[in-house]
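For reference, the structure discussed in these notes is given below.
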Amino acid sequence: MTGDTQTLAELSEQYKQSVPEDLRAAKSFEWYLEELRADPRVARNAHQRVADMFDHYGTEYDEDAGVVEYQMASQDPIHDGENVFYGREVHESIHEFVNKVKSGARGLGPEKRIKLLLGPVGSGKSHFDYLVRRYFEDYTRRDEGRMYTFRWTDLCEVIPDQDPADDTVRSPMNQDPLVLLPQAQRDEVIEELNERLDAPYTVRNEQSLDPASSFYMNELLAHYDDDLQTVLDEHVEVVRLVADENQRQCVETFEPKDKKNQDETELTGDVNYSKLAVYGENDPRAFDYAGAFCNANRGLFSGEELLKLQREFLYDFLHASQEQTIKPKNNPRIDIDQVIVGRTNMPEYREKKGDEKMEAFNDRTKRIDYPYVLEYEDEARIYRKMLRNADVPDVHVEPHAMEMAGLFGVLTRLEEPSDEGVGLVQKAKAYNGEIDETDEIDEVKLREDGDAVAEIAEGMEGVSARFVGDEIAEAIMDATHRGRGYLSPLSVFDHFEENLENHGSIPEEKLDTYQRYLELVREEYRDRAIEDVRHALAYDIDEIRRQGEKYMDHVMAYIDDTTVEDELTGREQEPDETFLRSVEEKLEIPGDRKDDFRQEVANWVSRRAREGSSFDPQDNDRLRRALERKLWEDKKHNINFSALVSANELDDDERSAWVDALVEQGYSQEGAREVLEFAGAEVAKSELEE
């Protein structure tokens, strides 16, 4: 037995610690009133409890995106990060969803609306809905999220025809014990609770008892001459209520089955035929509260592919959302309290949106767009999460493989920029946060233009992360079968090219466009591969620092309109404009923008000086890249790039040194050799063209 092995006793104790202490305890109604006075939040409605749930697990404010990130989605604390969501657009959608719930918690209207998550396939809306349900279950098990319901006891003592099997009956709708009080007395209690409540909302409860409980209450009050206290003391027990989707308790997922044979009883419940012979027709005790709306009471109703339902079937949602009631066939109305969430894809939404007969339903929905991710590095994080959560073979993922896969996915989702001076890849880089102060690219305007041109919003079309993830998985398995221990961007590109045409979710008219996007990604990878090899072949930290110091001396002299001492002669001279431009041109900074760049670098140096930090060009990414590229230009003529393609033409020690330098950048030995050959061939080709 290893030190990590846990005994059955330890496992049992862990389970016991995870269960609320009062889960099995029966309390009196008097106890419940005192509990409410101590903590009025216990009497929250579904919207209020779900709203507090999001805040309970923590929040962070992303200043750059201007959006609140909820840690249950950005960090997933209870699952160790397994279900983390990435991307500005996704967190904006989650923020909007939570705002709708919080507005509903305050009674501002959204509590009477369906929260409809609209997005393309594979955008993550279903997974977010799933995560909300899991966290609601967890929250109701914690002291902060606790709620209670009640059960009737000893009914056979008072009601002559009560089935002995029904001597103890739990509230079939899991209602809050407060509904046992008549409305006038309930309002007095609620008024007192709201005086004690420290929350942005007020407690409200105007629900009627469900028909079965109403029957029992009337029978018992008649028996005890309307002595409510005796009824509650002798025949009511208050019990802890926790959400559990598997037990269809406070959380329910409704999935459309046969479109042509939909039955409203799936939502509202039906006659319990086993009790019909006992109680007779139209007796509320003979009703089976097993409909989806019944099961979701006090919590969450999740409607999967909601708009695939027949129009007539959707009418049940009108009362459920607006009136917060359901009307089972041949039975009284039943009050419900739940957050109704629906999910739908684009085709179904377009169909229902144009249907005039759906106007009433559409008016009772709050649409929340749930697009694809539009930042390619965040998209790459999604793929890495997929790999973390799977049993991946021992294959080394090379630098840029996930990012370039993410870039391809993002390019298919972006609208072409209206500004002819901005290319699609530039737009993707702007969305990714790769904008410098000297770049004349307005990200805000790009996003506004993209949303204006798109049918609904930018990011609602394109290839899904699911498609890209599938191709990455195939590329990994292909590498394994070939005995290759690495996954490079080139192999991922090959799988994209092979399978684009065979993927059913990609429209045929988009294939040529997507092939063009793939070529743009190949070009971007070519530049990055050459940059990595350049770093490996020509990198000299001492020379970069010396050139950086020289550059800054000449920049400061240029800005201050002074002279600089010549390194060789010691004489004062004008700033070397040729040298300055030789550095700046490596970043493609035009002559009319050179002053802006020089001032930007000078400001950076001044800030570091005020902070007590010495100048180091390694710490400024743009300056470092410019100096590296200049050093590359100075050295590349002494490198035989054609030899990089063939191991026979290169000294083994020299090649090994270059491979080692690439390994330090994150490459595997095999991957380093591949990128050396690839970049060498590309540079040799460009050298010939020059």
Q) Going by distance alone, is a donor N or O of one side chain under 3.5 Å from an acceptor N or O of the other, for Tyr376 and Glu434? A)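 Side chains of Tyr376 and Glu434: pair found under 3.5 Å.
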
Q. How about Asn603 and Gln599: does a side-chain donor come under 3.5 Å of a side-chain acceptor?
A.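 The criterion, which ignores hydrogens and geometry beyond distance, is satisfied for Gln599 and Asn603.
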
Straight-line distance of [X] [atom1] to [Y] [atom2], nearest 0.5 Å:
| X | Y | atom1 | atom2 | answer |
| --- | --- | --- | --- | --- |
| Ser491 | Tyr486 | OG | OH | 7.5 Å |
| Glu415 | Glu458 | CD | CD | 5.5 Å |
| Glu377 | Lys429 | CD | NZ | 11.0 Å |
| Ser488 | His396 | OG | NE2 | 12.0 Å |
| Gln547 | Met552 | CD | CE | 14.0 Å |
| Leu117 | Thr344 | CG | OG1 | 10.0 Å |

With a sphere of 6.0 Å drawn around [atom1] of [X], does it hold more than 12 non-hydrogen atoms of other residues, nucleotides or ligands?
| X | atom1 | value |
| --- | --- | --- |
| Tyr15 | OH | no |
| Asp621 | CG | yes |
| Lys510 | NZ | no |
| Glu588 | CD | no |
| Gln14 | CD | yes |

So which heavy atom on [X] is nearest to which on [Y], and how close?
| X | Y | answer |
| --- | --- | --- |
| Ser74 | Glu60 | OG-OE1, 4.1 Å |
| Val67 | His91 | CG2-O, 3.6 Å |
| Arg413 | Leu374 | CB-CD2, 3.7 Å |
| Asp532 | Gln665 | O-NE2, 3.1 Å |
| Asp616 | Trp604 | O-CH2, 3.5 Å |
| Lys125 | Arg343 | O-CD, 3.8 Å |

Q: Using side chain to side chain donor-acceptor pair (under 3.5 Å) as the criterion, list what pairs up with Tyr135, not counting sequence neighbours.
A: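 Tyr135 satisfies side chain to side chain donor-acceptor pair (under 3.5 Å) with Asp76 once adjacent residues are dropped.
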
One thing to verify: whether [Y] and [X] come together as a salt bridge, which I'm taking to mean a side-chain N less than 4.0 angstrom from a carboxylate O.
| X | Y | answer |
| --- | --- | --- |
| Lys445 | Glu448 | no |
| Arg482 | Asp478 | yes |
| Glu69 | Arg88 | no |
| Asp138 | Arg134 | no |
| Arg546 | Asp542 | no |

Q.
Taking the ring centre of each residue, are Phe496 and Tyr514 less than 6.0 Å apart?
A.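 They do not qualify: ring centres at least 6.0 Å apart.
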
Q) Are the ring centres of Phe128 and Phe97 closer than 6.0 Å? A)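 Ring-ring flag for Phe128/Phe97: true, centres closer than 6.0 Å.
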
Q.
Applying side chain to side chain donor-acceptor pair (under 3.5 Å) to Asn499 and Glu471, what does each step give before you reach the verdict?
A. CA-CA 8 Å; Asn499 296 322; Glu471 299 311 312; 2.5 Å; yes

Q.
Filter on salt bridge (Lys or Arg N to Asp or Glu O under 4.0 Å), then keep only pairs touching residues 391-412, sequence neighbours left out; what's left?
A.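 Applying salt bridge (Lys or Arg N to Asp or Glu O under 4.0 Å) to every pair that reaches into residues 391-412, excluding sequence neighbours, yields Arg384-Glu403.
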
Q.
A side-chain contact here means heavy atoms from C-beta on lying under 4.5 Å apart; do Arg388 and Glu82 qualify?
A.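 They are not in side-chain contact.
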
Q: Would you verify whether the NZ or CZ of Lys550 falls within 45 degrees of the ring axis of Phe579 while also being under 6.0 Å from that six-membered ring's centre?
A: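 Yes, a cation-pi geometry holds between Lys550 and Phe579.
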
Q.
Within 45 degrees of the ring normal and closer than 6.0 Å to the centroid, is that where the cationic atom of Arg447 sits relative to Tyr431?
A.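 Yes, Arg447 lies over the aromatic ring of Tyr431.
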
Q: With side-chain contact (heavy atoms from CB on, under 4.5 Å) as the test, would you mind laying out the steps for Leu387 and Ile476 before giving the verdict?
A: CA-CA 10 Å; Leu387 298 181; Ile476 289 174; 3.7 Å; yes

Q: Show the numbers, then the answer: is there a side-chain contact (heavy atoms from CB on, under 4.5 Å) between Leu627 and Arg624?
A: CA-CA 5 Å; Leu627 294 169; Arg624 175 189 57 77; 6.0 Å; no

Q) Among Arg622, Lys594, Arg598, which one satisfies salt bridge (charged side-chain N to carboxylate O under 4.0 Å, His left out) with Glu584? A)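 Filter result, single survivor: Arg598.
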
**Q.** Under 3.5 Å: donor-acceptor pair, side chain of Arg608, backbone of Phe615
**A.**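 Here the side-chain-to-backbone pair does not exist.
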
**Q.** Evaluation steps, salt bridge (Lys or Arg N to Asp or Glu O under 4.0 Å), between Glu137 and Arg133
**A.** CA-CA 6 Å; Glu137 290 174 333; Arg133 301 197 303 273; over 6 Å; no

